[in-house]
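One-based numbering, in listed order, for ligands and for the atoms of each.
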Amino acid sequence: MEFFIDTGDIEEIKEASKWGIVDGVTTNPSLIAKTGRSQHDVIHDIVKLIDGPISAEVLSTDKDGMLKEAASLSEIHPNVVIKLPLTIDGLAACKELSEKKIKTNVTLCFSVNQALIAAKAGATYISPFIGRLDDVGHDGMGLIEEIRTVYDNYGYQTKILAASIRHATHVRDAAIVGSDVGTMPYKVLKSLYGHPLTEKGLDQFLKDAGLQ
Ligand code: G3P
């Protein structure tokens, strides 16, 4: 399973990059807005820190505008992945970009049919938002499982990128149901290391070795 960090915060990316388990980065307009900087500046900094897919989202809602933004974002670095909303225009733009071999991440996916049409449009990644589905009483992880089945039924190569991950259990369950990627906030990524028995065991070992 690939791990992406879902943030625009350069300090978080710098710190997590030292751990050796971050394969890529996802951003969205809300995360970029929190930085108070332009998307171009933030993405410029991120590509220097992580050598992997970096998703940058378009703000246009029409296909031509999206393609224009995609061209400008792609110029930043070959690792930039164009993040597009799951709309008719977004998927039309996705189709054109995939024909040009430009990587895409189709975002705001909340149903199997949406994931299916994104795969048909040649999306590199599909981003089902599991936390937001759970928030409204739906089954986010069930959606990941269903998309896995449908993609495997037809051999679609689109990677499932579990997004809107809120806690470590989401990561565990997404891995169990076969999500290709999980994108998660810094604090969730860090929480994956924690186990009280690891801490207790290490304390004991250090005591026994006379180091504490
Ligand atoms: O980047 C997309 C996604 O991960 C957003 O998560 O927590 O705002 O629902 P959240």
Side chain proximity check, Ile160 to Arg148, heavy atoms < 4.5 angstrom: yes

Lys190 bridged to Glu15 by N-O distance under 4.0 Å: no

Residues lining ligand 1 [heavy-atom distance under 4.0 Å, listed by chain and residue number]: Asp6, Asn28, Lys83, Phe129, Arg132, Ala163, Ser164, Arg166

Considering only heavy atoms from C-beta outward, does the side chain of Val112 approach that of Leu143 to under 4.5 Å? yes

Would Thr183 and Thr26 satisfy side chain to side chain donor-acceptor pair (under 3.5 Å), going step by step from the backbone distance to the final call? CA-CA 7 Å; Thr183 190; Thr26 49; 2.5 Å; yes

Examine distances only and state if a side-chain atom of Thr104 and a backbone atom of Thr124 form a donor-acceptor pair shorter than 3.5 Å. yes

Provide the full list of ring pair (Phe, Tyr, Trp, His ring centres under 6.0 Å) pairs with a residue in residues 107-127, sequence neighbours left out, each pair given once. Phe4-Tyr125, Phe110-Phe129

